[in-house]
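Heads up: the structure comes next, in structure tokens.
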Amino acid sequence: MALVVTGSIGFDTIETPRDRAEKILGGSCTYFAAAASFSGPVRIVGAVGGDFNDEHRRVLSSFKSICTEGLELRPKSQTFAWGGRYHENLNMRDTIFTHLGVLEEAPPPVPLAYKTSDFVFLANTHPKVQLGFMEQFPERKLTVADTMNLWINIAKDELTEVIKRVDGLVINSEEAELFTRIAHPVTSARKILELGPRFVVIKRGEFGAILVHQDGIALLPAYPTEKLVDPTGCGDSFAGGLMAVLAQNYARNSLHSPSSFENVRAALAHATVIASFTIEGMGLGGLETLTSGALETRLEDYRGMVNVRALPAGFSSTKSTLNQIEISV
Ligand code: AMP
């Protein structure tokens with residue numbers, strides 16, 4: 001079992017109502033890999049320009065299980081750069097600029113040693129690159145993609161081709177609506193399922209996530225952290241947590257389909273919790289300071305929070321009849 005990801009590796013300039021950071025390491029591939037590295041090794045494929053400096057490299061290598069053999073340095077090119085400004089409640093943000101830089105050039109080659117990777121994640125990048133990338137892994141057992149408004153707006157046909165070929169799609173609710181023109185997240189996800197994937201995860205920020213799978217629907221609330229610093233990368237780290245746990249579960253028991261409803265639902269608990277650490281720091285800061293002990297503890301807390309058990313038979317409430325509910329993740 002080996003997990004590989006491609007996407008953007010770049011510089012983020014982030015403005016929140018209380019903080020500002022300039023040109024810090026970010027990118028969809030970076031956040032994904034940082035989060036996934038808590039559960040096992042992850043291979044990255046991406047290019048950076050001559051402006052990628054030692055500090056950016058240091059941050060990347062501080063995550064021990066990230067294999068950077070597929071990181072290509074192009075001295076004459078510019079690294080991808082993105083700027084975002086958050087609104088007062090941090091739920092909404094405006095993109096201030098996107099400088100594609102190396103993302104407009106030919107994608108970097110996949111190292112020979114990566115070719116046997118079987119868990120493939122297509123983080124946010126041009127759908128054309130996502131298409132070409134996935135085809136380089138003939139042994140892939142699970143392929144999942146993410147996307148965002150820019151690609152829906154400028155490359156919808158290619159993106160549709162990506163979606164037709166993947167097992168799963170992770171997308172936020174506004175982007176699902178932009179893609180399908182359907183506002184209701186479940187109806188919108190069902191429309192995407194018609195294209196071919198087995199599951200769609202609709203990310204809804206502080207409202208958690210909805211898994212719409214060919215075999216059922218599951219709701220996962222967000223972990224209610226009160227330390228809201230910077231949401232950048234939450235979606236990517238959520239995906240990193242999801243894929244890493246799916247890969248890990250498959251390594252333990254290859255008889256289970258990695259994309260079964262129960263497998264995906266269980267992995268989404270981990271995805272939710274790791275994303276909650278991302279929001280607690282500026283940029284990658286929340287993940288840089290995270291320990292596996294703190295991650296495990298919060299995961300246990302989260303499982304306890306969402307586990308609503310049925311009341312014992314005969315229990316009666318004076319106010320109303322309570323429905324029997326059981327949610328388990
Ligand atoms: P998220 O907050 O999970 O949506 O991810 C934010 C990250 O995505 C930032 O680190 C950006 O560098 C990166 N990003 C923003 N726009 C794009 C884009 N069009 N393609 C690829 N990555 C992007």
Side-chain angles (χ1 to χ4, degrees), residues 5-16 21-36 44-49 52 56 59-60 78-87 90-105 107 121-130 133 145-156 158-159 162 170-176 178 201-206 209 222 228-243 271-272 274-288:
V5 57
T6 197
S8 58
I9 300 168
F11 303 147
D12 288 347
T13 295
I14 303 164
E15 278 178 47
T16 71
E22 193 134 0
K23 249 187 142 184
I24 57 173
L25 181 65
S28 56
C29 177
T30 313
Y31 278 101
F32 176 94
I44 62 171
V45 178
V48 292
F52 198 79
H56 301 124
V59 175
L60 198 56
Q78 295 283 311
T79 300
F80 168 80
W82 171 83
R85 183 180 297 134
Y86 288 87
H87 295 202
L90 295 183
N91 282 334
M92 287 176 62
R93 77 175 175 215
D94 300 318
T95 291
I96 306 301
F97 62 85
T98 304
H99 298 151
L100 290 175
V102 283
L103 289 195
E104 281 187 304
E105 302 170 7
F121 189 74
L122 312 168
N124 239 312
T125 189
H126 199 298
K128 208 163 46 187
V129 173
Q130 294 180 317
F133 186 73
D146 188 2
T147 193
M148 69 190 297
N149 48 3
L150 176 71
W151 310 118
I152 300 170
N153 288 330
I154 70 170
K156 191 166 177 189
E158 286 132 317
L159 178 60
V162 172
V170 180
I171 188 167
N172 79 34
S173 48
E174 294 80 21
E175 284 149 3
L178 182 67
V201 180
I202 305 273
K203 298 172 285 177
R204 302 168 76 221
E206 65 174 323
L228 303 171
V229 178
D230 169 25
T232 307
C234 276
D236 306 310
S237 45
F238 176 91
L242 169 69
M243 287 298 284
T272 299
I274 198 125
S276 75
F277 284 102
T278 303
I279 203 171
E280 292 183 355
M282 202 65 186
L284 283 159
L287 294 179
E288 274 182 277

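Counting starts at 1 for both ligands and their atoms, in listed order. On a predicted model such as this, the values are computed, not experimentally measured, just so you know.
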Original post:
If you measure from the Lys or Arg side-chain nitrogens to the Asp or Glu carboxylate oxygens, is any gap between Asp146 and Lys203 under 4.0 Å?
Top reply: yes
Subject >> With His99 via side-chain hydrogen bond (donor to acceptor under 3.5 Å, both in side chains) - residues at least two apart >> reply: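 For His99 there are no side-chain hydrogen bond (donor to acceptor under 3.5 Å, both in side chains) partners, ignoring immediate neighbours.
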Original post:
Side chains of Ser8 and Ser28: do they bring a donor and an acceptor to under 3.5 Å?
Top reply: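 Yes, a side-chain donor-acceptor pair sits under 3.5 Å.
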Original post:
Quick one: do the Asn91 and Glu206 side chains pair a donor with an acceptor below 3.5 Å?
Top reply: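 Yes, because at least one side-chain N or O of Asn91 sits under 3.5 Å from a partner of the opposite role on Glu206.
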Original post:
Contact residues of ligand 1 with a heavy-atom cut-off of under 4.0 Å?
Top reply: Ser8, Asp12, Gly26, Gly27, Ser28, Tyr31, Phe80, Trp82, Arg93, Asn124, Met148, Leu150, Trp151, Pro231, Thr232, Gly233, Cys234, Gly235, Asp236
Expected list for residues 275-288: side-chain donor-acceptor pairs under 3.5 angstrom, two or more places apart:
residue	atom	partner	partner atom	Å
Ser276	OG	Val273	O	2.6
Ser276	OG	Arg298	NH1	2.9
Thr278	OG1	Ser237	OG	2.8
Thr278	OG1	Ile274	O	3.4
Glu280	OE1	Arg298	NH2	3.4
Glu280	OE2	Thr225	OG1	2.5
Glu280	OE2	Arg298	NH1	2.9
Glu280	OE2	Arg298	NH2	2.9

**OP:** Would you mind listing every salt bridge (charged side-chain N to carboxylate O under 4.0 Å, His left out) that reaches into residues 91-102, with sequence neighbours excluded?
**Re:**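 The answer is none; no pair qualifies.
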